[in-house]
**Student:** 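Here it is: the structure, laid out below.
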Amino acid sequence: MVTATPPTSLSQALRLTPRPYQYEAVAALLAATARGVHRPLLVLPTGTGKTIVFALLVQRRGGRSLILAHRDELIQQAVDKLRLVNPTLPLGVVQAARDEHTAPTVVASVQTLSRRIRLSRLVPDFQTIVIDEAHHAPAPTYRRILEYCRAWHPDGPLVVVVTATPERGDHHSLRQVFDRIVYQKTLLEMMQAGYLVDL
């Protein structure tokens, strides 16, 4: 009788090797934190692996982490990349019927977590909070979560804000959420370096 070989995990199959600029971005975030920047902004074009950067950062910093996203595909992408970087990472999801809020790393739907009854169950002891798609961060739903997690307290968590587009269409400032841009690459730089195809 022939037995089937169990499939290898995605992480084993891909053997992730981060790109040099992804390591640079993590180093820039850690250096900014050491200088007292509590809410750094990371700007990288779409397709250059912002999710890998914050997955590497979460792994490097340790402690509890909260990743906030506003769309189903961004939540799933964060879960996939976190597992790719660290397949053994204990991971929970807070979205709709899922309420795995006690996990060491929580990936959460902002729409779900910002509901007061869901938020009240969350223990706000995170060392790192990541906001995917920074231009949404000034919204009341995000601010409610950040305030609950003590993001503006001197001893609060590191809040890393990542985006490809650091401007809002309504011209509201993102400065109320982040301190400064600590790492940025433009679309042109990434195309010239061969990481993105020419438009």
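Computed from a predicted structure; not experimentally measured.
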**Student:** List the atom of V43, the atom of A164, and the distance in Å for their closest heavy-atom pair.
**Tutor:** CG1-O, 4.2 Å
**Student:** Got a second to check how far T112's OG1 is from H101's NE2, nearest 0.5 Å?
**Tutor:** 13.5 Å
**Student:** List the steps and the verdict of side chain to side chain contact (heavy atoms under 4.5 Å, CB included) for V93 and I75.
**Tutor:** CA-CA 8 Å; V93 175; I75 292 165; 4.3 Å; yes
**Student:** If we ignore hydrogens and angles and just use 3.5 Å, is the side chain of R98 paired with the main-chain N or O of G92 as donor and acceptor?
**Tutor:** no
**Student:** State whether the side chain of Y21 and the backbone N or O of M190 hold a donor-acceptor pair below 3.5 Å, judged by distance alone.
**Tutor:** no
**Student:** Quick check for you: to the nearest 0.5 Å, what is the distance between L89 atom CG and L82 atom CG?
**Tutor:** 6.0 Å
**Student:** Using the rule that two of Ile, Leu, Val, Met, Phe, Trp, Tyr join whenever any of their side-chain heavy atoms come within less than 4.5 Å, decide whether L188 and Y195 are in one cluster.
**Tutor:** yes
**Student:** Have a look at V182 and tell me which of V160, L29, L41 forms a side chain to side chain contact (heavy atoms under 4.5 Å, CB included) with it.
**Tutor:** L29
**Student:** With no hydrogens and no angle check, do the side chains of D80 and Q76 hold a donor and an acceptor under 3.5 Å apart?
**Tutor:** yes
**Student:** Looking at every heavy atom in both H70 and Q111, which two are closest together, and how far apart are they?
**Tutor:** O-NE2, 3.0 Å
**Student:** How many angstroms lie between NZ in K81 and CZ in R83, if you round to the nearest 0.5 Å?
**Tutor:** 13.0 Å
**Student:** Take L66 and V130 through the test side chain to side chain contact (heavy atoms under 4.5 Å, CB included) and record every step on the way to the result.
**Tutor:** CA-CA 6 Å; L66 173 65; V130 176; over 6 Å; no
**Student:** Cut-off 3.5 Å, side chains only: do T128 and R61 have a donor facing an acceptor?
**Tutor:** yes
**Student:** Can a donor-acceptor pair be found, under 3.5 Å and without considering hydrogens, that links the side chain of D132 to the backbone of A69?
**Tutor:** no
**Student:** Show the nearest heavy-atom pair for residues Y142 and A137, with the distance to one decimal.
**Tutor:** CB-O, 3.2 Å
**Student:** Mark yes or no for whether H38, through its side chain, and T33, through its backbone, hold a donor-acceptor pair below 3.5 Å.
**Tutor:** no
**Student:** Where do P90 and A103 come nearest, in terms of heavy atoms and distance?
**Tutor:** O-CB, 4.4 Å
**Student:** Please check if I131 and W152 belong to a single hydrophobic cluster, counting links between Ile, Leu, Val, Met, Phe, Trp and Tyr side chain heavy atoms closer than 4.5 Å.
**Tutor:** yes
**Student:** To the nearest 0.5 Å, tell me how far M191 CE sits from L196 CG.
**Tutor:** 7.5 Å
**Student:** Does E147 reach the main-chain N or O of R144 with its side chain, forming a donor-acceptor pair under 3.5 Å?
**Tutor:** no
**Student:** Determine, stepwise, if the pair L30 / R60 fulfils side chain to side chain contact (heavy atoms under 4.5 Å, CB included).
**Tutor:** CA-CA 9 Å; L30 293 172; R60 182 78 183 271; 3.4 Å; yes
**Student:** State whether the side chain of E100 and the backbone N or O of V106 hold a donor-acceptor pair below 3.5 Å, judged by distance alone.
**Tutor:** no
**Student:** Nearest 0.5 angstrom please: L74 CG to I67 CD1, how far?
**Tutor:** 12.5 Å
**Student:** Taking atom types as modelled, find out whether D155 and H153 have a side-chain donor-acceptor pair closer than 3.5 angstrom.
**Tutor:** no
**Student:** About how many Å separate CG of L113 and SG of C149, when rounded to the nearest 0.5 Å?
**Tutor:** 7.0 Å
**Student:** Taking it one step at a time, do R39 and L158 satisfy side chain to side chain contact (heavy atoms under 4.5 Å, CB included)?
**Tutor:** CA-CA 6 Å; R39 293 179 305 280; L158 172 67; over 6 Å; no
**Student:** Please confirm whether the backbone N or O of V123 pairs with a side-chain atom of R64, one donor and one acceptor, at under 3.5 Å?
**Tutor:** yes
**Student:** Could you tabulate the donor-acceptor pairs under 3.5 Å formed by side-chain atoms of residues 45-56, not counting sequence neighbours?
**Tutor:**
| residue | atom | partner | partner atom | Å |
| --- | --- | --- | --- | --- |
| T48 | OG1 | P45 | O | 2.5 |
| K50 | NZ | L44 | O | 3.4 |
| T51 | OG1 | Q77 | NE2 | 2.6 |

**Student:** With distance as the sole test, does R118 use its side chain to make a donor-acceptor pair with the main-chain N or O of A96 at under 3.5 Å?
**Tutor:** yes
**Student:** Are more than 12 heavy atoms, taken from residues, nucleotides or ligands other than R71, located less than 6.0 Å from that residue's CZ atom?
**Tutor:** yes
**Student:** Please check: side-chain N/O of Y148 versus main-chain N/O of L119, any donor-acceptor pairing under 3.5 Å?
**Tutor:** yes
